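Accompanying notes for the structure given below.
Here is the naming used below: chain letters follow the sequence lines, and residue numbers restart at 1 for every chain. Since this is a predicted model, take the numbers as computed values, not measurements.
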Amino acid sequence: MTQFKSQFVNLMVERGFYNQCTNESGFDEYLYECEKSGTPAVGYLGSDPTGDSLHVGHIVPLMMMRWFQKCGHKPLTLVGGATARIGDPSGKDKLRPFLSEETLAHNIEGLKKSFSKFLKFGDGKTDAVMVDNWDWFKDINYLAFLRDIGTYYSVNRMLTMDSVKSRLDREQPMSFLEFNYMLLQGYDFCELYQKYGCRAQIAGSDQWGNITSGTELGRRKYDVELFGFTSPIITDSNGKKMGKSEGNAVWINEEKLPSYDYYQYFRNIGDAEVGKCLRIYTDLPMDEIRRLEALKDKEINEAKKILAYEATKICRGIDEANAAQETAVKLFEQGSAGGELPSISVNGDISVLDAFLQIGFVASKGEARRLIKQGGLKLNDATVSDENYVIKATDYINGEVKLSQGKKKHGLLKSA
RNA sequence: GGAGGGGUGGCAGAGCGGUCAAAUGCAACGGACUGUAAAUCCGUCGACUUUCGUCUACGAUGGUUCGAAUCCAUCCCCCUCCA
C-alpha cells in the first residue's frame with residue numbers, strides 16, 4: 001500500500017480520494033521532498049460563492065485539504081468573488097443568474113464558515129489561509145489581461161475542453177463571458193503561485209479543465225510546473241450524486257441544517273456506500289475502517305452509526321455529534337423523544353392538522369389529511385386515524401406530545 | 001435588423017376550444033417488507049373543504065366565446081438561422 005513516497009498521495013489513494021493528477025509521480029516527488037524537509041507545500045481549493053453554505057458534495061475536496069494539512073502542508077482556500085460574477089460553465093447548460101453584491105458578501109461569509117469546520121485557520125506555518133480572487137481581479141485592466149494572459153491561450157484548445165465542448169455539442173448557448181471562466185481560474189492558480197508559492201490545486205474531477213488551464217499557464221508564463229489533483233465524483237449505488245436528503249441538500253453550516261439531520265443523512269447511507277463513506281467522510285484509521293466495512297447485514301448498522309457520529313463530529317463538533325447520537329438512540333432504540341428534535345409551543349387545544357402544519361412537517365392541511373389516510377402520522381407513537389382529532393391536555397406526557405411523520409421525521413409539541 | 005420556433009406543475013415533456021387540476025417519465029412523500037439500508041410492491045403528489053364542491057393555476061395583460069392551457073391582439077422573455 002505504499003507505492004508512493006509522499007504520505008499525502010498514499011493517503012489519498014488508500015482512502016479513495018484519488019481520481020486524476022496532472023503528473024502523478026512529479027506531484028508525489030514534490031510532496032515527498034516537502035514532507036522530508038519539513039517545508040509545507042502550499043495547495044489550494046477554490047469555491048465560488050454561489051450559495052451561502054457548502055454541502056456534502058463539497059466535503060470530498062474539503063477532506064482532501066484536511067488531510068493535506070494533516071500531512072504538514074498549508075491549505076489555501078480561495079473563494080471566487082470574481083469568478084462567481086462570471087459563472088463556471090462546467091456541468092451546466094444555462095447561464096447562471098447574476099448575484100447581487102449583498103448576496104455575494106453573505107455567501108462568502110457562509111463559505112468561510114464551512115471551510116473553517118474542516119481546516120485550521122491562522123498564522124502558523126501550516127495554518128489555512130482564506131483568499132478571495134476578487135482582490136486581484138477587481139482592478140485588472142482588460143487590455144493588460146488580454147495581452148498578459150490571453151496570448152497564452154489557444155482558442156482551438158479551449159474549444160476542445162469538456163466544459164465548452166459539451167455545451168457546443170448540445171447546441172446550448174455559451175456566452176463569451178463564461179468562455180473566459182477558465183482563463184480566470186488559470187490566472188488564480190498562477191497568482192497564488194506568485195503570492196504564496198502555491199503549486200497544487202485540489203478539486204473535484206469536474207474542475208479538471210479549469211485546473212489544466214492553470215497548470216498550462218504556469219508552464220508557459222512562469223516556466224513552473226503546477227500540479228492538479230482531483231477526486232472522483234462520489235455517487236451512491238444508483239449513480240446519483242451524493243448530497244440530497246428528502247429532496248434537500250445536506251448543508252455543512254448548521255443554520256441551514258440541524259446537526260441531527262446531518263447525522264441522520266449518514267446514518268441512512270446505503271450498505272454499499274459504508275466503506276467508501278468511512279474512508280472519505282471520517283478521519284478513522286484504515287484498520288478500523290476495514291473492520292467496520294466487513295460487517296454484514298444487521299451488523300452493518302453499527303458501522304453506519306460510527307460513520308454518522310464521526311462525520312458529524314468533524315463538521316459540527318463533538319458536542320453536536322453526541323447530542324445527535326443521543327437523540328437518535330432515544331428515538332429509534334428506546335422509542336422516546338429526544339431533546340434535539342424540532343418543537344413548537346401551543347396554547348390550549350390544537351387540531352392534529354394544525355399541529356403538523358405548524359411544525360412544518362406538511363405543507364398544507366390537505367397533505368396532512370392524505371398522510372392520515374395513508375397512516376403516516378403519529379401522535380405519541382400511535383397512528384392518527386381521525387383527521388378531526390384535537391390534541392388536548394390529556395395527550396401531553398410530561399408537557400410534550402411527540403409528533404411523527406413517517407418513520408424518520410419526529411418533533412415535539414409543547415404546551416406554552 | 002430579417003425569418004422561424006418556443007414559454008405548461010420540482011424537473012423533463014404531452015395537450016392545441018368543452019370530457020384538463022392538465023397524459024407520461026423522473027424526483028419527492030406515505031404504507032407494506034426489512035436493519036432508521038438497498039431492491040420490490042401498493043398508494044399519494046395545487047389550495048380550502050369530511051363528501052358534494054369552491055377557488056387559484058398552463059409567461060403577462062386584454063379580447064373572442066355559453067365555455068380558453070388551447071383562438072385573436074399587445075407586451076415581456078428564451079432559442080435557432082440569416083444579416
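- With a 3.5 Å ceiling on both atom-pair distances, the Watson-Crick or G-U wobble partner of B:U24 is B:A12.
- For A:Trp208 and A:Asn19, the side-chain atoms include no donor-acceptor pair closer than 3.5 Å.
- Contact annotation: A:Lys408 reaches the phosphate of B:A37 (side-chain N/O to OP1 or OP2, under 4.0 Å).
- For the P atoms, the distance linking B:U19 with B:G53 amounts to 14 Å, nearest Å.
- With hydrogens and angles left out, the side-chain atoms of A:Tyr187 and A:Ser213 include no donor and acceptor closer than 3.5 Å.
- Nucleotide B:U36 holds its C1' atom 15 Å from the NZ atom of A:Lys409, rounded to whole Å.
- In this entry B:G1 has B:C82 as its Watson-Crick or G-U wobble partner, both defining distances falling under 3.5 Å.
- One atom, CD1 of A:Ile306, and another, C1' of B:U36, lie 16 Å apart when rounded to the nearest Å.
- When every heavy atom of A:Leu31 is checked against every heavy atom of A:Phe68, the shortest pair comes out as CD2-CE1, 4.1 Å.
- Taking atom C1' in both B:A28 and B:A12, the straight-line distance is 15 Å, to the nearest Å.
- Pairing for B:G17 is absent, judged as Watson-Crick or G-U wobble with the two contacts each under 3.5 Å.
- Comparing the P positions of B:G5 and B:C55 gives an interatomic distance of 37 Å, to the nearest angstrom.
- Taking the ring centre of A:Phe17 as origin, the terminal cationic atom of A:Arg279 falls outside the region bounded by 6.0 Å and 45° from the ring axis.
- Atom NZ of A:Lys304 and atom C1' of B:G35 are 7 Å apart (whole Å).
- Comparing A:Lys407 and A:Gly376 by the nucleotide of RNA chain B whose heavy atom lies nearest to each, the residue mapping closer to the 5' end is A:Gly376.
- Toward the 5′ end of RNA chain B lies the nearest nucleotide of A:Lys378, the other residue of the pair A:Asn301 and A:Lys378 mapping further downstream.
- In this structure, B:G67 makes no Watson-Crick or G-U wobble pair, since no nucleotide meets both defining distances under 3.5 angstrom.
- Using a 4.0 Å heavy-atom criterion, one finds that A:Arg370 contacts the sugar-phosphate atoms exclusively.
- Using P as the reference atom, B:C41 and B:A47 are 27 Å apart when rounded to the nearest Å.
- Within 4.0 Å (heavy atoms only), A:Ala328 reaches at least one base atom of the nucleic acid.
- Between the NZ atom of A:Lys298 and the C1' atom of B:U36 there is a distance of 13 Å, rounded to whole Å.
- To the nearest angstrom, C1' of B:C48 lies 8 Å from CZ of A:Arg369.
- Considering only the side chain of A:Arg267, B:U36 comes nearest among B:U50, B:U44, B:U36.
- B:U70 and B:G59 have their P atoms separated by 8 Å, given to the nearest Å.
- Regarding contacts with the backbone of B:G46, every side-chain N or O of A:Ser364 stays at 4.0 angstrom or more from both OP1 and OP2.
- B:C16 and B:A23 have their C1' atoms separated by 14 Å, given to the nearest Å.
- B:C33 and B:C79 are spaced 49 Å apart, taking the C1' atom of each and rounding to whole Å.
- In this structure, A:Tyr265 atom OH and B:A37 atom P are separated by 15 Å, rounded to whole Å.
- Side-chain nitrogen and oxygen atoms of A:Lys365 include none within less than 4.0 Å of the OP1 or OP2 phosphate oxygen of B:A47.
- Using the six-membered ring where Trp is involved, A:Phe8 and A:Phe229 have ring planes that are tilted, between 30° and 60° apart.
- The nucleotide B:U40 finds its pairing partner in B:A32, both defining distances of the Watson-Crick or G-U wobble pair being shorter than 3.5 Å.
- Remark: the separation of the C1' atoms in B:A68 and B:G17 is 6 Å, to the nearest Å.
- Straight-line distance from the CZ atom of A:Phe356 to the C1' atom of B:G30: 13 Å, rounded to whole Å.
- Taking all atoms of both residues into account, the shortest heavy-atom contact from A:Met161 to A:Gly209 is CE-O, 3.2 Å.
- As judged by a 4.0 angstrom heavy-atom cut-off over every strand, A:Ile300 is placed among the base-contacting residues.
- Residue A:Gln264 places a side-chain atom within donor-acceptor reach of the base of B:U36, judged by atom type and a 3.5 Å distance cut-off alone.
- A:Ile372 places its CD1 atom 15 Å from the C1' atom of B:G31, with the value rounded to the nearest Å.
- Counting only N and O atoms by type, the side chains of A:Glu320 and A:Ser259 include a donor and acceptor under 3.5 Å apart.
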